[in-house]
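Working notes, beginning with the structure itself.
Below, each value reflects all heavy atoms present in this structure, side chains not excepted, and no hydrogens, waters or symmetry copies. The model shown is predicted, which means the values in this text are computed figures rather than measured ones. Residue numbering restarts at 1 for every chain, and letters A, B, ... go by the order of the sequence lines.
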2 protein chains.
Amino acid sequence: MKLNTKSRYAVMALADMAVFSNDNAVSLRDISLRQGISLLYLEQIFLRLKKNNIVKSVRGINGGYILVKSPKELKISDILIALDQKVKTIGCKKDSKKSCNGKSTKCITHNFWDELDIHINSFFENKKLSDLLKNREARI
Amino acid sequence: MKLNTKSRYAVMALADMAVFSNDNAVSLRDISLRQGISLLYLEQIFLRLKKNNIVKSVRGINGGYILVKSPKELKISDILIALDQKVKTIGCKKDSKKSCNGKSTKCITHNFWDELDIHINSFFENKKLSDLLKNREARI
DNA sequence: AAAAACTTGACTATTTTAGTCGGGTATATA
DNA sequence: TATATACCCGACTAAAATAGTCAAGTTTTT
Ligand code: FES
Ligand code: FES
């Protein structure tokens, strides 16, 4: 039950942007240096964030990325969705005819896993990027 | 963010036991047939459940496994712990000196992931095996 | 004695993950 | 207009995790 590093780094990088952009574009190079995340990896991550309209890019010298929404409005769930990090704790699809074990009826645990997914997703839905910035003791 | 199949099958198999044991031991063969889970895989799973005192075994003919606690008392979290399925959504250890990115201070997202873990764990802590059996429409 | 059923460690194929590489394109500034 | 900076994007790979099998037992009831 782990979150993958792409999602983790995405949240981290966006939090970095929220702190350090002063209405300027933030370059991946700066994020990389501040957060200790590989620049090449960040590029891959931001590609997806851009495609999902979470950031927009500014090319050329002094370029970088800008948050499309304000941190107060950016839900963490949006970030995870952008990185395909579905919170689907088990493989069984709600609408699929096949259940988890190949039978036609849903197994006894099905509803339980559904509840779990809802429980986790609601956490991400209700958290905004700005929530991460409150009460931070450590320097970023 | 997926749960592994060992944990999933463990919950499923224990739910099966709760339904079908009438104070008798339930054999893995029966569980395997009813739930469509590989017998060999079940053996591996029950080894761990036994080591963690969630089931006890009865050997020989008419043998099988018996739940140590009643379904009302068996927390789902106990099952997951038995299968090493820690809900530790990211690798950074709370007490470790190293943070997730190798720096000495905790990163800005650290507390957030901690909160997430607590949120998920509380779900598993508060659910009992018996909760899965309520309101089941589908035959097991 | 035989059959049912648990015991255990080792082994392997597949999938996922994390991360890199190479070769682009756009733009600000000197 | 040259050049450095920084985004763009698909393909690739090594390592780890996962899912599941296999072999060779032991114990107990009938
Ligand atoms: S049928 Fe959906 S989880 Fe088993
Ligand atoms: S330091 Fe713990 S998650 Fe980053």
For nucleotides 21-24 of chain D, tabulate all protein N/O to nucleotide N/O atom pairs closer than 3.5 Å, reporting atom names and distance.
from: D:dT21; atom 1: OP2; to: B:Ser38; atom 2: OG; distance (Å): 2.6
from: D:dT21; atom 1: O4; to: B:Gln44; atom 2: NE2; distance (Å): 2.6

Distance, rounded to the nearest Å, where A:Leu83 contributes CG and C:dT17 contributes C1':
13 Å
Going by the rule salt bridge (charged side-chain N to carboxylate O under 4.0 Å, His left out), which residues pair with B:Lys75 if we only count those two or more places apart in sequence or in a different chain?
B:Glu125
Nearest to the side chain of B:Lys6 - C:dG9, D:dA19, C:dC6?
D:dA19
Are A:Tyr65 and D:dC8 close enough that a side-chain N or O sits under 4.0 Å from OP1 or OP2?
yes
Nearest to the side chain of B:Ser57, heavy atoms from C-beta on, is which of D:dC8, C:dT8, C:dC6?
C:dC6
Separation of C:dT16 P from A:Met1 CE (nearest whole Å):
17 Å
Spell out, as yes or no, whether a donor-acceptor pair under 3.5 Å connects the side chain of A:Asn121 to the backbone of A:Ile118.
no
Partners passing salt bridge (charged side-chain N to carboxylate O under 4.0 Å, His left out) against A:Glu115 (at least two apart in sequence or in another chain)
B:Lys127
Identify which nucleotide among C:dA5, C:dG19, D:dG20 has an atom closest to any side-chain atom of B:Arg29, counting heavy atoms from C-beta outward.
C:dA5
Look at the rings of A:Tyr65 and A:Phe46 and say which category their plane angle falls in: under 30° parallel, 30 to 60° tilted, over 60° perpendicular.
tilted
Whole angstrom value for the distance that separates P of D:dT5 from CG of A:Asn24
18 Å
In this structure, how many angstroms lie between the P atom of D:dC7 and the NZ atom of A:Lys51, rounded?
16 Å
Working to the nearest 0.5 angstrom, can you tell me the gap between A:Asp131 CG and A:Leu74 CG?
10.5 Å
How many whole angstroms separate atom CG of A:Leu42 from atom P of C:dA18?
14 Å
Nearest-Å distance, CG (B:Leu49) to P (C:dT8)?
13 Å
Between the side chain of B:Asp117 and the main-chain N/O of B:Asp114, is any donor-acceptor distance below 3.5 Å?
no
Pairs satisfying side chain to side chain donor-acceptor pair (under 3.5 Å), at least one member in residues 45-54 of chain B, at least two apart:
B:Arg48-B:Asp84, B:Lys50-B:Ser57
Any side-chain N or O of B:Ser27 under 4.0 Å from OP1/OP2 of C:dA4?
no
Those residues that, when tested against B:Lys69, pass salt bridge (charged side-chain N to carboxylate O under 4.0 Å, His left out) (two or more places apart):
B:Asp78
Which nucleotide wins on minimum distance to the side chain of A:Leu47, given the candidates C:dT17, D:dA19, D:dC8?
D:dC8
Spacing of B:Asp30 atom CG relative to C:dA5 atom P, expressed in whole Å:
7 Å
Would you tabulate the nitrogen or oxygen pairs shorter than 3.5 Å linking the protein to nucleotides 24-30 of chain C?
from: C:dT25; atom 1: O2; to: A:Arg59; atom 2: NH2; distance (Å): 2.5
from: C:dA26; atom 1: O4'; to: A:Arg59; atom 2: NE; distance (Å): 3.0
from: C:dA26; atom 1: O4'; to: A:Arg59; atom 2: NH2; distance (Å): 3.4

Within this structure, what is the CD1-to-P distance between A:Ile45 and D:dC7, rounded to whole angstrom?
13 Å
With a 6.0 Å cut-off on ring centres, are A:Phe123 and B:Phe112 close enough?
yes
